[in-house]
2 protein chains.
Amino acid sequence: MLDNLQITTDEYLPLRDVVFNTLRKAILTGDLKPGERLMEIHLADKLGVSRTPIREAIRKLELEGLVVMIPRRGAQVAEITEKSMSDVLEIRRAVDALCAELACERITDEELKRLNSARLDFEKAVEGKDVTVIAQADVSFHNIIVQATGNQRLVQLVENLSEQMYRYRFEYIKDFSGHPAIIKEHAAICEALKKRDKLAAAESCRVHIDNQKKSIIARIRKDSAKH
Amino acid sequence: MLDNLQITTDEYLPLRDVVFNTLRKAILTGDLKPGERLMEIHLADKLGVSRTPIREAIRKLELEGLVVMIPRRGAQVAEITEKSMSDVLEIRRAVDALCAELACERITDEELKRLNSARLDFEKAVEGKDVTVIAQADVSFHNIIVQATGNQRLVQLVENLSEQMYRYRFEYIKDFSGHPAIIKEHAAICEALKKRDKLAAAESCRVHIDNQKKSIIARIRKDSAKH
DNA sequence: ATACAGTATATTGTATACAAAATACATCGT
DNA sequence: ACGATGTATTTTGTATACAATATACTGTAT
């Protein structure tokens, strides 16, 4: 009874945050497509709230880079260009390498164990062919490394950068021919972390991102060729 | 006449952005101190606007990490702890090194010239003793490098990270005994960029940040010892 | 004097109302 | 038929109003 009450108070989220999460998810999954306008009244009606929380959510999406504002014309979903994605990946490459280096210094034995089982989970997920499961296993693996840095702002930064790649992650995962390489890369990262070999860990992460970059950029080119 | 009209339309900024800039500056300069509550009606009265633009500005400050929200209690200026600053600097170290590496590949001869004169401007600024002028010259120097990467998202990231260090930048600059070292570091960075030597450029940047870190962390310890 | 209860006040969260600008559309003239 | 002009509509930008919660205060009982 009291427990239940506690839970409900803990679960309180301002509507603006509910809207923010909803819109973000819609953008990342592609329900809201690049260039699409976000009209306040329309969204308000659709989500059953007033314009106020909608507007506040849009302000956050704006700073996050998921929507762009045009003065007196409102918000629209940010376009993804090859350049913008390449910019993101360029940063991601360095940041992931940093994560690996820091993790070498700070990862605990317990986290190393969890990392290894996350690695094995990923390999198992690859055998099954469910793309969502594979993607989730990949996220879990990398999350352990980022968390092991103990740098909360770094966690947040990686999250934001990952977000930008989200729509293309699936393309990368869908390419089954690339799976053996991913498995090898994960193994290399694991190995380096276990040895606490910063150079090797960082380099493995760079290779890992470089490979992702190849398939993501290829996909974008294919997409833009269509239009 | 028409020109004037053009200017005024160009200069249009929604009130939310005016408020956002105003509050951000107030936080960075320390007019609004860590832990201080941002009360909407109070701010609205003070700035002569309604609560709506205030709230939207706060949403952006929230995502930027300059304020933290407490549900149903509103916003307060984020505290700066040694840990949070150390987290920022850890990222900044890697990101600045990345900037240097990319700049090695992409900086134009014209930008190299401007960089060199910015370096000399800094040396001149150091001779005069105006801290604000010195800080500005330092910013100009580093801006050229970041811009030379041609990566707009990287520019934005560096800006955000710099922001967090802003309040302590002056302490670093104020320490006149450190100036010769800074001058040498700038020269090393310049030199490496001219030679397009990525390793040297990156390493110089790391050293540069490590030195900043020392003085900033020392300052924070001194501050927290007072309280 | 101190702890507590109950009320008043202040503050946030949300919804609505109003103003200004941008867009769409229809009418008119050529 | 085409373009221009003026009006209607839509949409954003801003202000205000209302509701719910948290905080501060006051008085009372111990």
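Note on naming: letters A, B, ... go to the chains in the order of the sequence lines (proteins, then strands), and numbering restarts at 1 for each one. We use all heavy atoms of the structure for the numbers below, so side chains are in, but hydrogens, waters and symmetry mates are not. As the structure is a prediction and not an experimental result, all values here were calculated from the model.
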Indicate, yes or no, whether a donor-acceptor pair under 3.5 Å links the base of C/dG13 to the side chain of B/Arg51.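 Answer yes: a donor N or O sits under 3.5 Å from an acceptor.
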
Specify the separation, in whole Å, of atom [atom1] of [X] and atom [atom2] of [N].
{"X": "B/Met69", "N": "C/dT11", "atom1": "CE", "atom2": "C1'", "answer": "11 Å"}
{"X": "A/Tyr12", "N": "C/dT12", "atom1": "OH", "atom2": "P", "answer": "12 Å"}
{"X": "B/Arg55", "N": "D/dA15", "atom1": "CZ", "atom2": "P", "answer": "14 Å"}
{"X": "B/Glu56", "N": "C/dT14", "atom1": "CD", "atom2": "P", "answer": "14 Å"}

Within the side chain of [X], is there an N or O that forms a donor-acceptor pair under 3.5 Å with the backbone of [Y]?
{"X": "B/Arg37", "Y": "B/Arg73", "answer": "yes"}
{"X": "A/Asn151", "Y": "B/Asp87", "answer": "yes"}
{"X": "B/Arg106", "Y": "B/Thr149", "answer": "yes"}

Whether A/Thr52 contacts C/dT14 is assessed here as follows: a side-chain N or O lying under 4.0 Å from the phosphate OP1 or OP2. Is that the case?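 So the side chain of A/Thr52 is outside the cut-off, no N or O lying under 4.0 Å from OP1 or OP2 of C/dT14.
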
Does OP1 or OP2 of C/dA20 have a side-chain N or O of A/Arg72 closer than 4.0 Å?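 Answer is no, no contact under 4.0 Å.
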
Identify whether any heavy atom of [X] sits under 4.0 Å from a base atom; if not, whether one sits that close to sugar-phosphate; answer base, sugar-phosphate or nothing.
{"X": "A/Arg73", "answer": "sugar-phosphate"}
{"X": "B/Ile70", "answer": "nothing"}
{"X": "A/Ile58", "answer": "nothing"}

